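Every value quoted in this text rests on a predicted model; they were computed, and no experiment measured them. When a residue number appears, it is its place in the shown sequence, counting from 1.
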Amino acid sequence: MAAPSNASLPSKNKAWVYSEYGKSVDVLKLDSNVTVPEVKEDQVLIKVVAAALNPIDYKRMLGIFKASDSPLPTVPGYDVAGVVVKVGSQVKNFKEGDEVYGDINEKAADHPKVIGSLAEYTAVEEKVLALKPKNLSFVEAASLPLVIETAYEGLEHFGFSAGKSILVLGGAGGVGTQVIQLAKHVFGASKVAATSSTGKLELLKSLGADLAIDYTKENFEDLPEKFDFVYDTVGQSDRAVKAVKEGGHAVTIVGPGDPPASIFFLTSDGSVLEKLKPYLESGKVKPVIDPKGPFPFSKTIEAFSHLESNRAIGKLVIHPIP
């Protein structure tokens, strides 16, 4: 994909913007006159090819992180895949024309960027980006950063390792689909169990789950088997702790988190994407994209509505942009 030269970079671009907090269907508007962000010395400017949605996007839009949010108006979007079109003076690892991907906000709820990835152009720090694996499309790459980093860092930080068993709550969601794969194929889990609704059980097995639990038919905490590690992606930490072996660990990514479960917050880091590149290039770890997508830029509000329904499988990707 040819990137525009610096001389031809526009000063304005199209983006989805909200100027007040609320539901996406009420507050999100398409704006063709958003200023292209200035590039700081440690940043690159990306021509966005694809972006992906995450629950934090709509939670932030609802004002849940108001106390630590950046000022409105806001262009949402954390996950990006695109082409570098301008490079800051201190950037070492990227050049114009590089195809990159990443989660653009180092701390998800601590003053995230005003101009996110649901725009034609976004400026991003070098340290949160990585070169896109050549075997992945932009759509596939955009689906990965926030969820694969959350999955990996959550497992690593709390000491998950080879030979341990794990239960994943919400196995068909964005983070859950990656936890199953990483636990099995990267960390060497002895057994992977995961929960989903009836229609998604086969997906869990195809990703590496040894045991797929239909939460509409049985309560995972009532099973006689207990696990070394429970990774809660849905906000059931009160139940998660009942499925942990003595000496094991329950981790949740949905607050507030009930002790003794630990709550985990992601720090976006491009080096994690680099570390996982061999698994992505070999196909051992795969992107999981909702079959309803990708959604064109003009249908971003429909994509948010699907995400908000809590019925999405894997990730919702917006492409092409615009």
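Taking both residues in full, the closest heavy atoms of Leu45 and Pro37 are given as CD1-O, 3.9 Å, listed atom of the first, atom of the second, then distance. In terms of heavy-atom proximity, Asp290 sits nearest to Ala312 at OD2-CA, 3.4 Å. The minimum heavy-atom distance between Phe160 and Ser165, with the atom names listed, is CE1-O, 3.7 Å. Between Asn13 and Ala119, the closest heavy-atom pair is OD1-CB, 3.8 Å. Closest non-hydrogen pair, Phe158 versus Gly154, comes out as CD1-O, 3.3 Å. Among all heavy-atom pairs drawn from Ser196 and Ala172, the shortest one is CB-CB, 4.3 Å.
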From CA spacing to verdict: side-chain contact (heavy atoms from CB on, under 4.5 Å), Lys277, Leu131:
CA-CA 9 Å; Lys277 194 174 189 178; Leu131 289 170; 4.1 Å; yes

Chi angles and distances behind the side chain to side chain donor-acceptor pair (under 3.5 Å) call for Tyr21, Asp69
CA-CA 11 Å; Tyr21 291 119; Asp69 203 356; 2.9 Å; yes

Test log, rule side-chain contact (heavy atoms from CB on, under 4.5 Å), inputs Val179 and Val192
CA-CA 9 Å; Val179 176; Val192 178; over 6 Å; no

Step by step, would you call Glu221 with Gln236 a side-chain contact (heavy atoms from CB on, under 4.5 Å)?
CA-CA 11 Å; Glu221 69 270 38; Gln236 296 177 335; over 6 Å; no

Dump the intermediate steps for side-chain contact (heavy atoms from CB on, under 4.5 Å) on Val272 and Glu153, then the final yes or no.
CA-CA 8 Å; Val272 172; Glu153 289 185 31; 3.7 Å; yes

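Remark: the backbone N or O of Gly159 is paired with a side-chain donor or acceptor of Lys164 at under 3.5 angstrom. Side chain of Asp103 to main chain of Ser268: no donor-acceptor pair is present (N/O by atom type, distance under 3.5 Å, no hydrogens or angles). Put simply, the side chain of Tyr78 gets close to the backbone of Ala108: a donor and an acceptor are under 3.5 Å apart. Side chain of Asp228 to backbone of His249: no donor-acceptor contact under 3.5 angstrom is found. A donor-acceptor contact shorter than 3.5 Å links the side chain of Glu126 to the backbone of Lys92. Side-chain N or O atoms of Ser117 include one that pairs as donor or acceptor with a backbone N or O of Asp79 at under 3.5 Å. The main-chain N or O of Val49 is found under 3.5 Å from a side-chain atom of His319 such that the two form a donor-acceptor pair. Side-chain atoms of Thr252 come within 3.5 Å of backbone N or O of Val254 as a donor-acceptor pair. Distance alone, capped at 3.5 Å, places no donor-acceptor pair between the Thr150 side chain and the Leu266 backbone. Of the possible donor and acceptor atoms, one in the side chain of Lys286 sits under 3.5 Å from a partner among the backbone N and O of Gly283.
Checked for salt-bridge contact, Lys95 and Asp98 meet the test: a charged N lies under 4.0 Å from a carboxylate O. Remark: Lys132 engages Glu99 in a salt bridge, criterion side-chain N to carboxylate O under 4.0 Å.
Contact annotation: the side chain of Leu136 approaches that of Pro287 to within less than 4.5 Å [non-hydrogen atoms, C-beta and beyond]. Here the side chains of Ile115 and Lys113 are not in contact, with every heavy-atom distance at 4.5 Å or above. Looking at Leu182 and Val285, their side chains come closer than 4.5 Å, going by heavy atoms from C-beta outward. Counting heavy atoms from C-beta on, the side chains of Leu28 and Pro76 come closer than 4.5 Å. Considering only heavy atoms from C-beta on, Ile253 stays 4.5 Å or farther from Asp232 through its side chain. Between Asp258 and Val241, every side-chain heavy-atom pair lies at or beyond the 4.5 Å cut-off. Put simply, the side chain of Lys127 reaches to within 4.5 Å of the side chain of Glu106, judged on heavy atoms. Side-chain contact check for Thr267 versus Asp269: every heavy-atom pair is 4.5 Å or farther apart.
Under a cut-off of 6.0 angstrom, the local environment of NZ in Lys292 is sparse, with at most 12 non-hydrogen atoms contributed by other residues, nucleotides or ligands. Heavy atoms from other residues, nucleotides or ligands lying under 6.0 Å from NZ of Lys14 number 12 at most. In this structure, Gln90 places its CD atom where more than 12 heavy-atom neighbours from other residues, nucleotides or ligands lie under 6.0 Å away. Surrounding NZ of Lys226 are more than 12 heavy atoms belonging to other residues, nucleotides or ligands, all under 6.0 Å away. Within a 6.0 Å radius of NZ in Lys12, more than 12 heavy atoms belonging to other residues, nucleotides or ligands are found.
Between the side chains of Asp214 and Thr216, at least one donor N or O lies within less than 3.5 Å of an accepting N or O. Counted by atom type alone, Ser68 and His111 present zero donor-acceptor pairs between their side chains at under 3.5 Å.
If you take OG1 on Thr177 and NZ on Lys315, they are separated by 8.5 Å, rounding to the nearest 0.5 Å. Put simply, CD on Glu308 and CG on Leu62 are 7.0 Å apart, with the number rounded to the nearest 0.5 Å. Once rounded to the nearest 0.5 Å, the distance linking CG of Asp210 with CD1 of Ile180 reads 10.0 Å. The OG atom of Ser206 sits 8.0 Å away from the CD atom of Gln181 when rounded to the nearest 0.5 Å. To the nearest 0.5 Å, the span separating CD on Glu125 from CD1 on Ile104 amounts to 8.5 Å. Distance NZ/Lys205 to CG/Leu201: 6.5 Å, rounded to 0.5 Å.
Taking the six-membered ring where the residue is Trp, Phe264 and His157 present tilted rings, their angle falling between 30° and 60°.
Checking each of Thr74, Asp31, Thr300 against Trp16 for a side-chain hydrogen bond (donor to acceptor under 3.5 Å, both in side chains) leaves exactly one that passes, namely Thr300. No option in Glu274, Glu281, Glu140 other than Glu281 meets the side-chain contact (heavy atoms from CB on, under 4.5 Å) test with Pro133.
Checked against the 6.0 Å centroid criterion, the rings of Tyr152 and Phe187 qualify as a close aromatic pair. In summary, the aromatic rings of Tyr58 and Phe304 are positioned with their centroids too far apart to meet the 6.0 Å limit.
The hydrophobic clustering, which links ILVMFWY residues whose side-chain heavy atoms are closer than 4.5 Å, places Ile263 and Val168 apart. In the hydrophobic clustering of this structure, Val114 groups with Ile46; members are Ile, Leu, Val, Met, Phe, Trp, Tyr whose side-chain heavy atoms approach within less than 4.5 Å, directly or through other members.
Residues Leu167, Leu169, Leu211, Ile213, Phe220, Leu223, Phe227, Val230, Val244 make up the rest of the hydrophobic cluster containing Val234, defined by ILVMFWY side-chain heavy atoms closer than 4.5 Å, directly or through other members. Hydrophobic cluster membership for Val317: Val139, Ile289 (Ile, Leu, Val, Met, Phe, Trp, Tyr linked by side-chain heavy atoms under 4.5 Å, directly or transitively).
Judged by a 6.0 Å distance limit and a 45° cone about the ring axis, Lys107 is not positioned over the six-membered ring of Phe265.
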